[in-house]
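To start, the structure itself, in structure tokens.
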Amino acid sequence: MVPVAESPVSRVGDQLTVAVRVKPGSSRIRVGGRYVGPHGPALIVAVTAPPVDGRANEAARRALVDALGVRSAAVSLEAGATGRNKTFRVDGVAADITRTLHRLRDE
């Protein structure tokens with residue numbers, strides 16, 4: 001696995017924690033790229049939803065579900081409900097999900 005300083009992903013057992021930088025109001029939905037901010041690296045998730053009433057949060061969660069190919073209930077918002085920097089938890093993951101996240105981060 002990539003060292004924590006270079007990765008937005010951390011793993012504990014069969015759970016992943018993914019640091020995400022959400023870009024609401026984008027022209028299209030896209031999961032990929034790396035944002036290096038004050039709290040460390042994050043995976044960029046662009047969504048078309050506005051940052052109103054949790055719509056961007058839900059859109060970002062659904063975009064992660066689609067990009068990772070996991071069931072909807074496996075991805076939940078863990079922290080950052082009111083900001084652009086968020087942490088999502090992915091439950092019950094296999095090793096290929098970690099590889100997929102690292103590939104998305106490097107796009």
Hey, quick one: are Ile29 and Val22 part of the same hydrophobic cluster, counting side-chain heavy atoms closer than 4.5 Å, chains of contacts allowed?
->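 The answer is no; the residues belong to distinct hydrophobic clusters.
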
Has the side chain of Arg89 got a donor or acceptor atom that lies under 3.5 Å from a matching backbone atom of Asp91?
->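 Not at all, since once roles are kept as given, no pair shorter than 3.5 Å links the two residues.
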
Heavy-atom donor-acceptor pair, Lys86 side chain to Ala79 backbone, under 3.5 Å =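 Absent.
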
Please say which of Leu43, Val45, Leu64, Ile44 ends up in a side chain to side chain contact (heavy atoms under 4.5 Å, CB included) with Leu104.
->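 Checked Leu43, Val45, Leu64, Ile44 against Leu104; only one passes side chain to side chain contact (heavy atoms under 4.5 Å, CB included): Leu43.
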
Minimum heavy-atom separation for [X] and [Y], please, with both atom names.
X: Tyr35; Y: Asn85; result: CE2-OD1, 4.0 Å
X: Arg30; Y: Gly33; result: NH1-N, 4.2 Å
X: Ala56; Y: Pro51; result: CB-CA, 4.0 Å

Walk me through it: do Val18 and Thr87 pass the test side-chain contact (heavy atoms from CB on, under 4.5 Å)?
-> CA-CA 6 Å; Val18 183; Thr87 303; over 6 Å; no

Using side-chain heavy atoms (C-beta onward) and a distance below 4.5 Å, is [X] in contact with [Y]?
X: Arg61; Y: Asn57; answer: no
X: Val75; Y: Val70; answer: yes
X: Arg84; Y: Pro24; answer: yes

Can Val47 and Lys23 be said to form a side-chain contact (heavy atoms from CB on, under 4.5 Å), step by step?
-> CA-CA 6 Å; Val47 296; Lys23 292 185 173 183; over 6 Å; no

